[in-house]
Amino acid sequence: MWQWFHKLSTPKYYYQWSGKWLPWLAGLTIILFAIGLYWGLLVAPTDYQQGESYRIIYIHVPAAWMSMFVYVVMACAGFVALVWKTKLSEIVVSECAVIGAVFTAIALITGMLWGKPTWGTYWTWDARLTSELILLFLYFGVIAIYSSIEDKRVAAKAASMLAIVGVVNIPIIHFSVNWWNSLHQPNMDIISDKPSMDPSMLWPLLVMAVAFKVYFGWVLFMRIRNEIISRERATKWVKELVVGR
Amino acid sequence: MFSALITIIRRDLLVAFRRRAELMNPILFYVIVVTLFPLGVSPDKEFLSQLAPGVVWVTALLAALISMESIFRQDFDDGSVEQLFLSQHPPTVLILGKVIAHWLITGLPMLIIVPLMALLLYIPQQAIPTLFITVLIGTPILSLIGAIGVALTAGLRGGGVLLGLLVLPLYIPVLIFASGAVSAAITGLPYSGHVALLGAGLILALILAPLAISASLKISMS
Amino acid sequence: MQEFFYMDGKWMYIWGSYAITLAALVLSILFANRRKRKLIREIEDSLEE
Amino acid sequence: MRTQEVSVLSAHDLKCVKGSTELFSNIHFEIRSGEALVVEGSNGSGKTSLLRILCNYNSPAEGQITWNDEKIDGHESYQQQISYIGHASGVKLDLTVLENLVFAQRLVGTDRQESEIKEIIRAVGLFKQRNILARKLSAGQKRRVALARLQLEERQLWILDEPLTALDKDFVTEFESVLKNHLDQNGMLIVTTHRELLLPEAQLKRINLSR
């Protein structure tokens, strides 16, 4: 198993391997999104308390979960990049940073659009929204340091280091923000972390969560392949690939 | 090992004292920023003392951030960073020494102006000891985390702004617990919980930060 | 069907957030695709010289 | 300087890439105790990069470097065998010559008496300037402080990047005898220099990066 994993980390082999998977990922994403959206918007019952606006959770919650999940994936790739110094893991770090920032931005915007009908204002210093905002700053930090260093391999290592320092700090920040929030604000969040909604509302959420993960695989593979072509443009196999197209 | 720590602290303090004029800069910066708040917000006593903990600690974050740059700037320019990694002593010990020296120059002096700040911001008498404790425990954490950021951005242009973007989010827990402790003290509530958490943060930073700084320096040098 | 889109008065927020999310996700894919085509064109040009 | 045990530093098909440009590739060499390697090549051919790779500050894009047949990457004591002088001499401008050397050798892990340090300062011809801030020294004098540090550290492998720059003529010949002395006591040397070094041809090896 280890041999295969090692072989996969060479850009050339990964490019061929991922090429086979791309169409499947694309198709599966579209199917899952279709099912999830249909189920969440049409089938799931109206919430007795919030009425229809709760349906925003079918994109807000998966996006928020993804923003955290992508950061952890980025930190793991960063660890691999610093320890085993594989080119592929370095590329994963820089690409995850952008995708993670997009998911975090989505979670923030949908959180605000959900807050308006529910709490009457777009922005409340609610513990989860505040943590999400800080997570966005952490992503911007990783993107900023990656883009400010010319040599891409050094840039990836610096970004990896920051991602690892960040991932150690995320639980601490999360804990301190929750503590800070409970101190200043009476507990107002309607849906706790683990939605205790009845199954008919819960299932579409899980489907959407899986849809987001498959989508993440799809867009990550595409971005990695682009970066491989860009960095390996001088190699023979890329030239053959381009000519053979 | 311990002697190497003392040696590098003495060396950095000696270097800093050779440019005595610059030693006052962090404190002056701090006092100026603190005086901006009453001017910008309102000089009303009630309002200011409620705002004081946040003002004190947001300013501490900014002062720490601005004075962080000097910790490795000179070492990168004169080439003594490379020598750190050739020593018989582990680089993390030498780096810890450098951070302690930097804290003694920029963090510790904050303690001197705590009474002045309490005066300017109408912080009541009984909260001043808490202010002392939080500054004593909090500022070393700022130096340790800030040094990681400096080690990563040392060779880059636009280092200052980039450093802020990297490091300020990581400063947030210190801000929350330190200002929380001071505001608790002002309102007479117990603040030992906050201080304990700050202490835990300091120990965590003392153990992990030197490793991260050493790795970051190796990355910046490569 | 009409009241489905109305979402008892909160249509702006619900469809707004869905529109923004799906737009962001789709745009990410399109940008990735655009970059790929641009890269391939660049490499083809460099090969011609 | 006490003689040290025999060591071997060898490199196999080294390749170095800076950003997207390749500086040099398939570089091979091997030096034993008592031998010196002169790294030649035009400006920008990667001489400094090679030296930094040999110090393990940077890892090569391809290739292996071994110290006594052990890979230097992750080797726990390889870097402790090295004395390195880069373009910047590693001299603190706000310390005097004496302070620089006292702190440098203590931080590196040797513990010499102040008298010995003053002796070395006299040897490099800076005795009169020993209490002057390094800031006020000329580039050549700063280089001599670095060369003094070299002799204090007593390390086996000297990696010097243009050590003779800005040094005046008469001092160069004296320094060449220091290098020769170092090699004769099982020391090793890797050096880049524009000026020809008068070292016995038998102990010299050369590689050229710009071929």
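Just the heavy atoms: all of them, side chains too, but no hydrogens, waters or symmetry mates, feed the values below. Below, chains carry the letters A, B, ... as their sequence lines are ordered, and counting in each starts from 1.
- Of all non-hydrogen atoms in M161(A) and S216(B), the two that sit nearest each other are CG-OG, 3.3 Å.
- Using a 4.5 Å cut-off between heavy atoms, I148(B) touches chain A through its side chain atoms alone.
- Heavy atoms of other residues, nucleotides or ligands lying less than 6.0 angstrom from CZ of F79(A) number 12 at most.
- Atom CD of E69(B) sits in a crowded spot, with more than 12 heavy atoms from other residues, nucleotides or ligands closer than 6.0 Å.
- When all heavy atoms of I219(B) and K157(A) are compared, the pair lying nearest together is CD1-O, 3.5 Å.
- Here OG of S147(A) is found 10.0 Å from CG of L156(B). Values are rounded to the nearest 0.5 Å.
- The side-chain heavy atoms of W180(A) and F177(B), taken from C-beta on, include no pair separated by under 4.5 Å.
- Between I172(A) and I172(B) there is no side-chain heavy-atom pair separated by less than 4.5 Å.
- Heavy atoms of L197(B) lying under 4.5 Å from chain A belong exclusively to its side chain.
- Crowding of E46(B) atom CD: a count of heavy atoms from other residues, nucleotides or ligands under 6.0 Å not exceeding 12.
- Interatomic distance, CZ of F137(A) versus CG of L166(B), reported as 13.5 Å (0.5 Å rounding).
- Considering all non-hydrogen atoms of both residues, I173(A) and P169(B) come closest at CD1-O, 3.6 Å.
- Counting heavy atoms from C-beta outward, L208(B) and V165(A) have side chains that stay 4.5 Å or more apart.
- Between V154(A) and S222(B), the closest heavy-atom pair is CG2-OG, 3.8 Å.
- Residue L152(B) touches chain A through both its backbone and its side chain, counting heavy-atom pairs closer than 4.5 Å.
- More than 12 heavy atoms of other shown residues, nucleotides or ligands fall within 6.0 angstrom of atom CD in Q126(B).
- Neither the backbone nor the side chain of L135(A) has a heavy atom closer than 4.5 Å to any heavy atom of chain B.
- Atom CG in L168(B) sits 11.0 Å away from atom CG in L138(A) (nearest 0.5 Å).
- In F140(A), the CZ atom is not crowded: 12 or fewer heavy atoms of neighbouring residues, nucleotides or ligands sit closer than 6.0 Å.
- Among the candidates T153(B), L163(B), L165(B), the single residue satisfying the side chain to side chain contact (heavy atoms under 4.5 Å, CB included) test with I145(A) is T153(B).
- Contacts of V177(A) with chain B are made by both backbone and side-chain atoms, with heavy-atom separations under 4.5 Å.
- In K7(A), the NZ atom is not crowded: 12 or fewer heavy atoms of neighbouring residues, nucleotides or ligands sit closer than 6.0 Å.
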